[in-house]
Amino acid sequence: MPVTIQQVIQWKQLGRTIVALTAWDYITAQLLDAAGVDIVLVGDSMAVMLGYETTLPITLDEMIYHAKAVRRGVKRALMVVDLPFLTYQESIQQAIHSAGRVLKETGAQAVKVEGGYGVMAETVARLVQVGIPVMGHVGLTPQSVHQLGLKQQGKTEDNAERILLEAMALEKAGVFSIVLEHIPSDLALHITQKLSIPTIGIGASVHCDGQVLVTSDLLGLSERQPPFAKVYTNLRETIISAIAKYSTEVRERKFPG
Ligand code: KIV
């Protein structure tokens with residue numbers, strides 16, 4: 001049975017930990033689904049795969065193109081798609097238009113937006129009102145890289161308080177879960193205890209209701225990983241050595257045999 005938004009919310013009450021990972025293509029999506037991942041996120045971290053330095057250049061059309069491929073591979077997991085930079089911050093109308101396109105064109109069940117301060121909570125409330133499920137994202141928000149850098153957030157009392165308030169505002173606005181990225185363990189615990197919706201951590205300790213990682217980091221495909229990522233296998237080396245072996249066999253006329 002496909003995972004639903006209601007189930008994800010309920011899992012927090014049941015104490016069932018949520019497993020989330022990113023996918024940007026059909027094959028990865030199929031693998032995540034086969035492994036029983038609960039939430040597949042078409043994250044704008046896809047920028048890395050497209051060779052960009054930050055997530056900022058990704059367009060809505062690019063996200064939709066890849067999300068359609070992911071949709072074809074995901075049968076069970078809940079599918080969430082990131083709204084890219086400046087496709088939801090300009091106005092509530094812009095956010096409805098972008099999120100509406102994602103749901104209509106890709107078949108995803110929800111969108112994710114970054115930040116929760118002031119007008120963002122209003123935007124989220126409006127999206128939820130028109131029937132678009134939203135996942136929040138606070139702490140380190142990569143779309144604000146030029147303001148925040150990529151360092152841990154919530155280290156000072158003021159900043160921690162601000163992140164907590166953002167999370168609470170997003171819950172009030174109706175998000176069904178919130179990603180907490182790269183914040184201290186005690187803050188993640190505090191937010192997780194305070195909210196009745198699930199928190200999904202990335203570099204935010206074991207105290208969250210679920211965890212998410214960028215799949216290419218977990219698989220060791222990326223050249224660099226963030227400090228909080230765990231590399232479960234080094235596919236980069238495996239792939240390079242397989243390609244080197246193929247190259248040698250071609251040059252030595254051993255392949256095809
Ligand atoms: O873009 C992304 O992959 C994300 C995750 C890191 C949560 O937002």
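Read the numbers this way: they start at 1 and go in the same order the structure lists the ligands and their atoms.
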Trainee: Between D44, D82, T55, which is the residue that forms a side-chain hydrogen bond (donor to acceptor under 3.5 Å, both in side chains) with Q143?
Mentor: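 Single side-chain hydrogen bond (donor to acceptor under 3.5 Å, both in side chains) partner of Q143 among D44, D82, T55: D44.
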
Trainee: Would you please say whether a donor-acceptor pair under 3.5 Å links the side chains of T199 and T192?
Mentor: yes

Trainee: Under 4.0 Å from a heavy atom of G43: give me the atoms of ligand 1 that qualify, with their elements.
Mentor: 1 (O), 2 (C), 3 (O)

Trainee: Is K112 in contact with ligand 1, taking contact as a heavy-atom separation below 4.0 Å?
Mentor: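 It does; at least one heavy atom falls under 4.0 Å.
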
Trainee: Does the cation-pi check pass for K230 over Y232, that is, NZ or CZ under 6.0 Å from the six-membered ring centre and within 45° of its axis?
Mentor: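 That pair qualifies as a cation-pi contact.
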
Trainee: Within ligand 1, which atoms have a heavy atom of H137 less than 4.0 Å away?
Mentor: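 That gives atoms 8 (O) of ligand 1.
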
Trainee: How long is the straight-line distance from NZ of K104 back to CD1 of I64, given to the nearest 0.5 Å?
Mentor: 11.5 Å

Trainee: Salt-bridge test for D209 and K12: reply yes if a basic N is under 4.0 Å from a carboxylate O, no otherwise.
Mentor: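 Answer for the salt bridge query: yes.
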
Trainee: What protein heavy atom lies closest to atom 5 (C) of ligand 1? Include the residue and the distance to one decimal.
Mentor: L41 CD2, 3.7 Å

Trainee: Which residue supplies the protein heavy atom nearest to atom 2 (C) of ligand 1, what is that atom called, and how far is it?
Mentor: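 Looking at atom 2 (C) of ligand 1, the protein heavy atom closest to it is S45 OG, 3.3 Å.
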
Trainee: Taking distance alone, with N or O pairs closer than 3.5 Å, would you say D44 contacts ligand 1?
Mentor: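 By distance alone, the answer is yes.
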
Trainee: Please state which protein non-hydrogen atom is closest to atom 6 (C) of ligand 1 and give its distance, to 0.1 Å?
Mentor: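 Atom 6 (C) of ligand 1 sits closest to the protein heavy atom I202 CD1, 3.6 Å.
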
Trainee: Do any N/O atoms on T22 end up under 3.5 angstrom from N/O atoms on ligand 1?
Mentor: no

Trainee: Record the part of D82 in heavy-atom contact with ligand 1 below 4.0 Å; permitted values are side chain, backbone, both and neither.
Mentor: side chain

Trainee: With side chains defined as the heavy atoms from C-beta onward, is the minimum distance between M49 and S216 less than 4.5 Å?
Mentor: no

Trainee: Could you tell me whether D25 and K68 have a side-chain N and a carboxylate O separated by less than 4.0 Å?
Mentor: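 Salt bridge: no.
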
